[in-house]
Amino acid sequence: MKVALLVGTISLLSWRSVALPSVAPPSTEADPSDVLARLQVMSMEALEEAEREMERSDSGSCSLGTAQVRQDWENMNTLMRKGYVQAVQCLFESESKLTQYGWPTKSRYDDFVAVHVNLTATVHNTGNFLGWHRYFLHAYESALRTECGYTGYMPYWNWFAHRDDVTKSPVFDGSATSLGSDGEFFYHNGTLAGVLQIPLPSGHGGGCIAQGPFAGQQVGVGPMLSVFDGFPTVKDLFVPNPHCIRRDLNSYAATRFFSADALLNVTLGAASRSIRLFQRELQGGEYPGHLGLHAAGHFVLGGDGTDLFSSPNDPAFFSIMLHPALARTIEGTVTMNNNPPSANATVRDRLDVKGLLTSEVLLQDVLDTMGGEPLCYVYN
Ligand SMILES: *[C@@H]1O[C@H](CO)[C@@H](O)[C@H](O)[C@H]1NC(C)=O
Ligand SMILES: *[C@@H]1O[C@H](CO)[C@@H](O)[C@H](O)[C@H]1NC(C)=O
Ligand SMILES: *[C@@H]1O[C@H](CO)[C@@H](O)[C@H](O)[C@H]1NC(C)=O
Ligand SMILES: *[C@@H]1O[C@H](CO)[C@@H](O)[C@H](O)[C@H]1NC(C)=O
Ligand SMILES: [Cu+2]
């Protein structure tokens, strides 16, 4: 058995008291960007160590030498970034494959949003949350590559860089090599996060993406559960609602929630001790007044990105999953917060993405991002 990736690897190895990597554990006093960089070195060393120890006993097709690398947007060159942006634009311009089944989708891009909306209640605060989203991202990456000629892999947005001013992040600086800028200014009284218990002040946006790629871009589905004033909600996936992608980059939320404390907690700290605590701390939103790293990612985007159902409307959604991995354990049921009550998720559950990908994949097939089939990647 091969251990999972990055952050998951560290917690697994420390449970089993295998020799820890050579760099000293980072401290909560440090800048969270530095903490992340240290953790990434530790993770890579741990993966290498695990690979040596296991001597490829399962001799799968995937190894560190062959794994695809998902890169920090900041470390990608201009050509790669433009290639990614063009492929996403191509999805916006391509025909939906779901309209034939009566879905209100206007583009291939909408298909992904619609599938997420359709399945929201069975893939969030559930035992399959990480696995399902990992597979969903894989489907999106596959569409970019096979339908839109993208030659790279999924990039990621490093949450911990540019926390003080998210608009300065190369992901959001509005240049031709970004995912577009902040929204146009739209006055509103802030956003309620953490199950409506954490008021966040509004940022400087709130309207349509103002500049750069995806400026004024139209989408067809959602929002379903708007959490700020002046952002009308349709509540029904099958009610078409053409609207522009809205954003309100929130540096307040980034500074408060993308902290060294929160990062260390889910990697080396108390929340890394079990899959239950890890999921709860990472996802957030399980109980009122709590906002985990994953949920915080949505609220730093603001606008469309804050909608539990239709957040994939913002292309930056697909770069949120910085720590998608953990061990081969799962915990939780198959309905959101077990409401209505449902069975525990099992590793034999089939992952449903409504035909975005056609292969039959089980939850157990995506627990290891280096499992070989269908996944073989690391984040670096
Ligand atoms: C999800 O899609 C199916 C059709 O595939 C539909 O019957 C169902 O009502 C949808 N559910 C939601 C919550 O959109
Ligand atoms: C904004 O005002 C509305 C009432 O107009 C209120 O329901 C909502 O909770 C307020 N939002 C925040 C974040 O304070
Ligand atoms: C760390 O995670 C534990 C376990 O979920 C939680 O009780 C604690 O509040 C978290 N601490 C911080 C600083 O987030
Ligand atoms: C579901 O899993 C929990 C532990 O996560 C366990 O306590 C419970 O008994 C399980 N329920 C069923 C019906 O197997
Ligand atoms: Cu989701």
Side-chain angles (χ1 to χ4, degrees), residues 7 11 27-29 32 35 96-105 110-140 194 198 220-225 234-241 256-287 289-299 301 304-314 316-321 324 326 331-332 334-337 340 351-356:
V7 164
S11 37
S27 107
T28 55
E29 308 299 316
V35 172
S96 161
K97 294 185 181 176
L98 289 175
T99 42
Q100 56 180 315
Y101 306 112
W103 292 52
T105 42
D110 280 355
D111 286 359
F112 285 84
V113 183
V115 167
H116 187 273
V117 169
N118 188 255
L119 298 172
T120 290
T122 55
V123 298
H124 295 95
N125 289 350
T126 49
N128 60 15
F129 167 73
L130 290 169
W132 187 86
H133 283 80
R134 208 171 285 149
Y135 190 52
F136 182 62
L137 248 77
H138 176 67
Y140 184 71
I198 305 179
V221 170
M224 307 291 290
L225 188 74
V234 288
K235 295 203 174 73
D236 185 343
L237 164 60
F238 292 92
V239 173
N241 183 31
R256 175 164 164 197
F257 298 105
F258 293 157
S259 65
D261 262 355
L263 175 58
L264 282 166
N265 206 15
V266 294
T267 50
L268 301 171
S272 69
R273 303 274 145 72
S274 79
I275 187 71
R276 166 162 175 71
L277 293 175
F278 175 78
Q279 284 178 169
R280 196 179 69 173
E281 233 21 75
L282 182 77
Q283 285 190 79
E286 191 179 283
Y287 49 90
H290 176 243
L291 198 64
L293 282 169
H294 157 253
H298 288 273
F299 288 101
L301 278 177
D304 273 273
T306 59
D307 191 296
L308 172 66
F309 293 80
S310 57
S311 50
N313 267 331
D314 190 325
F317 168 92
F318 294 97
S319 333
I320 281 183
M321 301 257 141
L326 218 125
E331 194 274 342
V334 293
T335 47
M336 189 158 43
N337 297 323
L351 295 177
D352 182 9
V353 287
K354 301 282 172 196
L356 289 175

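Count residues from 1 along the sequence. Ligands are counted one by one from 1 in listed order, and the atoms in each one are counted from 1 as well.
- Here the protein heavy atom with the shortest distance to atom 5 (O) of ligand 3 is Glu281 OE1, 3.0 Å.
- Put simply, the angle at the Cu ion (ligand 5) from NE2 in His124 to NE2 in His116 is close to 100°, to the nearest 10°.
- Here is the list of ligand 3 atoms found below 4.0 Å of a heavy atom in Ala271: 2 (O).
- Between Tyr140 and Leu356 the shortest side-chain heavy-atom distance does not fall below 4.5 Å.
- Ring centers of Phe129 and His133: under 6.0 Å apart, within the cut-off.
- Atoms of ligand 3 found under 4.0 Å from any heavy atom of Leu277, numbered from 1 in the order shown, are 5 (O).
- The protein heavy atom nearest to atom 4 (C) of ligand 1 is Trp103 CZ2, 4.3 Å.
- If you number the atoms of ligand 1 from 1 as listed, the ones under 4.0 Å from a heavy atom of Lys354 come out as 5 (O).
- For atom 14 (O) of ligand 3, the nearest protein heavy atom is under 4.0 Å away.
- Looking only at distances, no side-chain donor or acceptor of Glu331 sits under 3.5 Å from a matching main-chain atom of Ile275.
- Regarding atom 2 (O) of ligand 3, its nearest protein heavy-atom neighbour is Asn265 ND2, 2.4 Å.
- The nearest heavy-atom contact from the protein to atom 7 (O) of ligand 3 is Arg280 NH2, 4.5 Å.
- Judged purely by atom type and a 3.5 angstrom limit, Asp307 uses its side chain to pair as donor or acceptor with the backbone of Met224.
- Ranking the protein heavy atoms by distance from atom 3 (C) of ligand 1 puts Asn118 ND2, 3.7 Å first.
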